Amino acid sequence: MSLESSFDFRVVHASTQSQARIGEMHTAHGPVKTPVFMPVGTLGTVKALCPQDIASCGAEIILGNTYHLYLRPGCEVIERFGGLHRFMGWEGPILTDSGGFQIFSLSMLRRITDIGAEFQSHIDGSRHVLTPEKAVDIQTCLNSDILMCLDECIGYPSDRSVVREALKRTLHWAYRCKRRWVFTGCSGALFGIVQGGMDAELRSESAQRTVEIGFPGYAIGGLSVGEPVEQMMLMAEVAVQYLPVHAPRYVMGVGTPENLVELVSRGIDMFDCVMPTRNARNGQLFTDRGTINISNACHRFDTGPVDDGCGCYTCRHFSRAYLRHLYLSREILAYRLNTIHNVYYYLHLMERIRDAIERDQFEAFRKTFSEHRTES
RNA sequence: GUGGGUGUAGCUCAGUUGGCAGAGCACCGGGUUGUGGCCCCGGUGGCCAAGGGUUCAAGUCCCUUCAUCCACC
């Protein structure tokens, strides 16, 4: 592993009742308490929020995206600022996604070979090739605190042969990413990604072989691509079995509040998901009793906050009636206030989770949480 | 006053040789999982301006009235 890496992770407290644990991650841009949720800031902004908002919602680390930032504004611009942190005015740690998922989700425009992913820009149609080496180089240029290996994510359902091919390619690419990362002496930590579709055997093979390559942290990718929740949980369990206890585990792109609680109990430390931010922009707000749609007519005269106990800026200052009005009027402020609430809700949930684990009350918390949710 | 146009869902309008009343927007619900604010799915809503006539059958054809717009006096 790179000697210059300032990355470090240690488990502070492990639950006696489940695999849940709290940990401390140290990065070049500061510490992160786990389990952690990372708000998604694809294009160098957590949509609708400024860094001050992000921090006041309780975020310690955010996510940026290699594919999107490479296409626009391009590395040359961000390099001039010494990285994404100063470019976007966010002082805290940043994890960058490699672009593997975008290659999957923008599949109309791509061609995958062993060399890398050839794709057409969704912006101007220009052709690009993203190799594992290039993915690491771009993330290095972004001065990312945590870099992700380029991987191949597949859909659900997929034939076993397709899953196997993607698994092999992801491993090969992981090896090349690591070699590049070691060679360049990048100060950020590089995480490997476990694939293997919904096949327990292939999942465990992927996990074992990724661990053999050796990374400071491990992600479980290719989940929540349309499979039933039980399937997702099972695949996480299978992968975790083979992941080292002393390294952080990150389930990519997940999920609902319920998903987070369930995955924490299975030993997962890190999450990211567009759900709180995207759904905020679509008027869906999270509470412990389920989601509410702020556009619903029942909120028209409601002078109360979105969530009674919530300490977020939005809930402390504004009513459901006002938020409904802003949303239906498509006012810019609607996006900001809704996003503040949802991001706060997710981050506060993680805080409650950590607190429960620390007090050895996590199983009780988990039970109460899922009961409240199903009531509504 | 004269000539012409237009009246169909809350709004803007389609509606074929006469054959089950339609769309977009709005409104009311639902969806959204490594992000384009997009988008997707469902639903409510009609005395087809009013009255009369022709016809097996009229939003559609004919007559009258009303409303409204334009042009010219």
Side-chain angles (χ1 to χ4, degrees), chain A residues 37-49 61-69 71-72 94-106 121-124 135 139 144 146-156 170 191-195 217-229 231-233 235-236 249-260 262-263 268 270-286 290-300 324 326-339 342-343 346:
Chain A
F37 179 82
M38 304 178 283
V40 176
T42 304
L43 278 159
T45 156
V46 175
K47 291 186 192 297
L49 302 188
I61 175 171
I62 62 172
L63 192 136
N65 191 284
T66 301
Y67 168 88
H68 289 284
L69 292 168
L71 289 180
R72 191 166 54 190
I94 296 177
L95 178 148
T96 47
D97 191 8
S98 66
F101 186 77
Q102 280 62 46
I103 293 163
F104 158 69
S105 62
L106 303 166
S121 163
H122 68 286
I123 301 167
D124 61 8
Q139 293 178 82
S144 180
I146 299 174
L147 299 75
M148 300 306 300
C149 284
L150 186 67
D151 65 331
E152 187 184 351
C153 185
I154 50 164
Y156 173 85
T170 296
F191 280 26
I193 304 176
V194 175
Q195 287 290 343
Y218 297 91
I220 301 168
L223 295 184
S224 77
V225 287
E227 78 282 9
V229 186
Q231 188 82 286
M232 173 168 81
M233 292 301 157
M235 289 304 109
R249 304 148 176 172
Y250 164 28
V251 168
M252 306 184 80
V254 176
T256 65
E258 296 90 328
N259 291 162
L260 302 191
E262 288 305 308
L263 286 166
I268 304 301
M270 301 167 69
F271 306 91
D272 82 278
C273 189
V274 302
M275 194 170 269
T277 43
R278 177 191 283 162
N279 289 22
R281 295 192 306 277
N282 291 325
Q284 190 180 64
L285 303 174
F286 291 87
T291 58
I292 69 162
N293 192 333
I294 199 63
S295 72
N296 286 6
C298 60
H299 304 125
R300 185 163 172 221
R324 177 173 189 270
L326 291 180
Y327 180 74
L328 292 180
S329 308
R330 292 173 159 72
E331 277 293 332
I332 293 172
L333 189 57
Y335 299 119
R336 176 158 175 245
L337 294 181
N338 289 352
T339 304
N342 277 357
V343 170
Y346 264 66

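This is a predicted model, so every value here is computed, not measured. A, B, ... follow the sequence lines: proteins, then strands. Residue 1 opens every chain.
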Candidates A:Asn279, A:Thr291, A:Asn338, A:Asn293 - the one meeting side chain to side chain contact (heavy atoms under 4.5 Å, CB included) with A:Leu285: A:Asn338
Looking at the side chain of A:Tyr335, which of B:rG29, B:rG34, B:rG37 is the nearest nucleotide? B:rG37
Quick one: look up who B:rU54 pairs with, Watson-Crick or G-U, both distances under 3.5 Å, and put none if it's unpaired. none
Going through the distances and angles, do A:Val251 and A:Met270 end up as a side chain to side chain contact (heavy atoms under 4.5 Å, CB included)? CA-CA 6 Å; A:Val251 168; A:Met270 301 167 69; over 6 Å; no
Parallel, tilted or perpendicular: rings of A:His122 and A:His68 (30°, 60°): perpendicular
Counting any heavy atom closer than 4.0 Å, what does A:Glu152 reach on the DNA or RNA strands: base, sugar-phosphate only, or nothing? nothing
Pairing check on B:rG59: which nucleotide meets the Watson-Crick or G-U wobble criteria with it, both distances under 3.5 Å? none
Same-atom distance (C1') from B:rU33 to B:rG29, integer angstrom: 22 Å
Could you check which of B:rG36, B:rU33, B:rG34 has an atom nearest any side-chain atom of A:Arg72? B:rG36
Rounded to whole Å, how long is the line connecting atom CG of A:Leu63 with atom P of B:rU33? 16 Å
The side chain of A:Arg281 is closest to which nucleotide in this list: B:rG37, B:rC28, B:rG34? B:rG37
Return the value, rounded to whole Å, for the distance between atom CZ of A:Arg278 and atom P of B:rG36. 7 Å
For B:rU32 versus B:rC39, give the span between their C1' atoms, rounded off to a whole number of Å. 9 Å
When you measure from the side chain of A:Ala297, which nucleotide among B:rU33, B:rG29, B:rG34 comes out closest? B:rG29
If the P atom of B:rG52 is compared with that of B:rA71, how far apart are they to the nearest Å? 36 Å
Of the nucleotides B:rG29, B:rG34, B:rU32, which one has an atom closest to the side chain of A:Asn279? B:rU32
Whole-Å P distance, B:rU6 and B:rC47: 23 Å
When you measure from the side chain of A:Tyr327 to the backbone of A:Asn282, do you find a donor-acceptor pair of N or O atoms at a distance under 3.5 Å? yes
Selection from B:rA26, B:rG31, B:rG36 that lies nearest to any side-chain heavy atom of A:Arg330: B:rA26
Of the candidates B:rG36, B:rU33, B:rG37, the side chain of A:Val274 sits closest to B:rU33
From C-beta outward on A:Asn282, which listed nucleotide comes closest to its side chain: B:rG34, B:rG30, B:rC39? B:rC39
Will you find, in the side chains of A:Tyr67 and A:Asp97, an N or O donor that is under 3.5 Å from an N or O acceptor? no
When the C1' atoms of B:rC13 and B:rA26 are compared, how many Å lie between them, rounded to an integer? 14 Å
Considering Watson-Crick and G-U wobble pairs with both distances under 3.5 Å, what does B:rC47 pair with? none
Phosphate-side-chain proximity, A:Asn296 and B:rC28, N/O vs OP1/OP2 below 4.0 Å: no
In whole angstroms, how far is the P atom of B:rG34 from the CZ atom of A:Phe101? 5 Å
Pick base, sugar-phosphate or nothing for A:Ile193, based on heavy-atom distances below 4.0 Å to the nucleic acid. base
For B:rG24 versus B:rC63, give the span between their P atoms, rounded off to a whole number of Å. 36 Å
Smallest separation among heavy atoms of A:Met275 and A:Phe286, with atom names: CG-CZ, 3.7 Å
Whole angstrom value for the distance that separates P of B:rC27 from CD1 of A:Ile294: 15 Å
A:Leu95 vs A:Asp272 side-chain heavy atoms within contact, under 4.5 Å: no
Would you tell me whether A:Thr170 and A:Gln195 have side-chain atoms, one donor and one acceptor, within less than 3.5 Å of each other? no
Would you state whether a donor and an acceptor, one from the side chain of A:Asn293 and one from the base of B:rG29, lie under 3.5 Å apart? no
Could you tell me the Watson-Crick or G-U partner of B:rC72, where both distances fall under 3.5 Å? Say none if there is no partner. B:rG1
Could you give the NE2-to-C1' distance, from A:His122 to B:rG36, as a whole number of Å? 7 Å
For A:Gly222, report the nucleic acid contact type (base, sugar-phosphate, nothing); a contact means any heavy atom under 4.0 Å. base
OP1, OP2 of B:rG34 versus side-chain N and O of A:His68: anything below 4.0 Å? no
Using Watson-Crick or G-U wobble geometry with both distances under 3.5 Å, which nucleotide pairs with B:rC66? B:rG7
Checking all strands, does A:Asn65 fall into the base, sugar-phosphate, or nothing category for heavy-atom contacts under 4.0 angstrom? sugar-phosphate
Using Watson-Crick or G-U wobble geometry with both distances under 3.5 Å, which nucleotide pairs with B:rG42? B:rC28
Take atom CD of A:Glu331 and atom C1' of B:rG37, then tell me their distance rounded to the nearest Å. 14 Å
For B:rG36, the nucleotide meeting Watson-Crick or G-U wobble distances (both under 3.5 Å) is none
Base, sugar-phosphate alone, or nothing: which one does A:Asn259 contact when heavy atoms must sit under 4.0 Å apart? base
Separation of B:rG29 atom P from A:Arg300 atom CZ, nearest Å, is 12 Å
C1'-based separation of B:rU60 from B:rU54 [nearest Å]: 13 Å
What interatomic distance, in whole Å, is found between P of B:rG37 and the corresponding atom of B:rG43? 26 Å
To the nearest angstrom, the CG-P distance between A:Asn342 and B:rU32 comes to 13 Å
Between B:rG31, B:rG29, B:rU33, which nucleotide has the shortest distance from any of its atoms to the side chain of A:Gln284? B:rG31
So which nucleotide does B:rG22 pair with, by the Watson-Crick or G-U wobble rule with both distances under 3.5 Å? B:rC13
Cut-off 3.5 Å, side chains only: do A:Thr339 and A:Asn342 have a donor facing an acceptor? no
